[in-house]
Protein chains: 2
Amino acid sequence: MDAAMRGDARKETPRSRLLAAALALYSRHGVNGTSLQMIADRLGVTKAAVYHQFRSKDAILLALLEPLVSDMREVVERAECERTRTAQVESVLTGVIDLAVRHREVSALMQADPAVPALHASQSDSAALSERIGQLLLGPDPEPGRLISVAMLGSALMMTGKNPKLAAVEDEELRRQMLVAARRLLGLRSRG
Amino acid sequence: MDAAMRGDARKETPRSRLLAAALALYSRHGVNGTSLQMIADRLGVTKAAVYHQFRSKDAILLALLEPLVSDMREVVERAECERTRTAQVESVLTGVIDLAVRHREVSALMQADPAVPALHASQSDSAALSERIGQLLLGPDPEPGRLISVAMLGSALMMTGKNPKLAAVEDEELRRQMLVAARRLLGLRSRG
DNA sequence: GTCTATAGTAGGATAGAC
DNA sequence: GTCTATCCTACTATAGAC
């Protein structure tokens with residue numbers, strides 16, 4: 001299996017190639033800045049061929065987000081089962097970092113692209129999951145300092161993977177360093 | 001002077017009202033997701049009236065970014081004059097946080113909207129300023145851990161002000177708490 | 001400074017042949 | 001699964017009246 005397709009596709013299907021092309025363009029130009037014509041051109045086909053794979057432009061975005069949303073749901077549900085605050089924070093922190101590193105580009109897309117909330121308004125709702133993640137990190141009745149640290153952490157975790165300077169950093173290394181930095185940001189002790 | 005217009009406009013001109021409307025829509029829907037019709041509708045006028053104030057859609061975005069870019073340039077140039085690494089980091093950190101708080105929505109727009117790099121490719125170039133800010137924070141020959149902390153900090157600083165949960169937080173409080181959190185993230189001692 | 005009207009283009013999406 | 005051809009809508013932008 002090629003290294004570039006880890007995690008998104010087991011086989012090189014027309015569908016998976018289309019999704020990869022769309023993700024690259026969405027990351028660079030934004031969803032609203034990318035036309036179906038641009039996607040088709042990148043694949044060397046016509047728009048009609050794109051419509052054979054997906055019934056609409058929204059369907060492409062949904063398909064791109066689906067694996068991330070699914071992983072987010074799993075992370076949130078697992079963390080919410082923990083019984084101490086410390087364990088909840090620990091669980092959600094490692095879970096979100098893992099997911100942000102595995103889905104680097106899609107995470108940034110979900111965090112920053114205005115087309116995502118517009119789409120999920122009537123859909124499976126990534127916003128609610130982000131909200132639950134925030135609550136887990138905040139805990140009950142947070143001080144302003146905590147509120148602000150957690151807000152900063154949210155942007156940092158989801159957006160960092162897209163940074164071109166980190167493109168060459170291995171997943172494992174990136175995960176480890178992000179976890180250390182996130183603990184510092186929240187004022188947690190590094191685990192011995 | 002009304003509290004809502006601090007920093008962007010001394011008088012309530014048609015131009016300043018237009019910029020405020022555009023910024024609100026750009027923040028919510030993205031630049032590419034906002035049409036001139038939407039801006040005109042929000043002001044209760046027609047598109048032609050918008051074109052009387054700005055010759056193109058790009059010109060509106062440029063006018064919105066200009067005060068932030070100008071402040072960024074000032075911050076970078078001041079920091080680059082400092083002679084010790086510690087003083088450079090201190091200067092750029094306080095400067096960027098101050099600017100990110102004063103221009104909360106525009107900062108997030110510049111950081112996250114794909115229309116901004118597309119525009120500045122041929123313009124005054126905010127990308128080069130961001131690059132210089134990154135260099136000041138990184139220093140020469142950074143370890144991977146530092147590279148990743150600084151990448152996280154960059155997203156965090158520019159995006160945090162847009163967080164709706166922090167809308168009620170006063171500028172002064174937000175600035176102070178962001179500075180404390182940023183120091184923790186970078187592993188700096190709080191100033192005594 | 002705002003309007004009506006319109007040009008010219010590009011967008012998402014569909015129909016039907018191969 | 002990909003094509004050509006087309007529909008309809010929305011977009012940016014301009015011209016010219018008030």
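Just so it is clear: chains get the letters A, B, ... in the order the sequence lines come, proteins before strands, and each one is counted from 1. The structure displayed is predicted, hence computed values, not measured ones.
Of the possible polar contacts, none joining the K57(A) side chain to the S35(A) backbone as a donor-acceptor pair under 3.5 Å is found.
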Apply side-chain contact (heavy atoms from CB on, under 4.5 Å) to R175(B) and R102(B), showing your working. CA-CA 9 Å; R175(B) 213 178 342 250; R102(B) 281 213 322 283; 4.3 Å; yes
Output, in order, the C-alpha distance, side-chain angles, deciding distance and verdict of salt bridge (Lys or Arg N to Asp or Glu O under 4.0 Å) for E170(B) and R176(B). CA-CA 10 Å; E170(B) 295 287 333; R176(B) 191 174 50 237; over 6 Å; no
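Side-chain contact between L109(A) and K162(A): absent, with no pair of heavy atoms (C-beta onward) separated by less than 4.5 Å.
Side-chain atoms of S149(A) and R184(B) form a donor-acceptor pair, as typed in the model, at a separation below 3.5 Å.
Between S35(A) and dA10(C), a side-chain N or O to OP1/OP2 separation shorter than 4.0 Å is absent.
The OG atom of S155(B) sits 7.0 Å away from the CG atom of N163(A) when rounded to the nearest 0.5 Å.
Rounded to whole Å, the distance from CG on L36(A) to P on dT14(C) is 11 Å. Spacing between atom CD of Q37(B) and atom P of dT14(D) amounts to 17 Å, rounded to whole angstrom units. Regarding N32(A), its CG atom lies at a distance of 11 Å from the P atom of dC11(D), rounded to whole Å. The distance from atom CD1 of I39(B) to atom P of dA10(D) is 17 Å, rounded to the nearest whole Å. Whole-Å rounding puts the K57(A) NZ to dA10(C) C1' distance at 12 Å. Summarising the geometry, the separation between CZ on F54(A) and P on dT14(C) is reported as 15 Å, rounded to the nearest angstrom.
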Sort me out a list of protein N/O and nucleotides 1-4 of chain C N/O pairs below 3.5 Å, or just none if empty.
residue: dC3(C); atom: OP2; partner: T46(B); partner atom: N; Å: 2.7
residue: dC3(C); atom: OP2; partner: T46(B); partner atom: OG1; Å: 2.8

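Counting non-hydrogen atoms of neighbouring residues, nucleotides and ligands closer than 6.0 angstrom, the CZ atom of R85(A) exceeds 12 such neighbours.
A continuous path of hydrophobic side-chain contacts links L174(B) to V96(B) [ILVMFWY only; heavy atoms under 4.5 Å].
Relative to the axis of its first five pairs, the axis of the last five pairs of the helix from dG1(C)-dC18(D) to dC18(C)-dG1(D) sits at 10°, rounded to 10 degrees.
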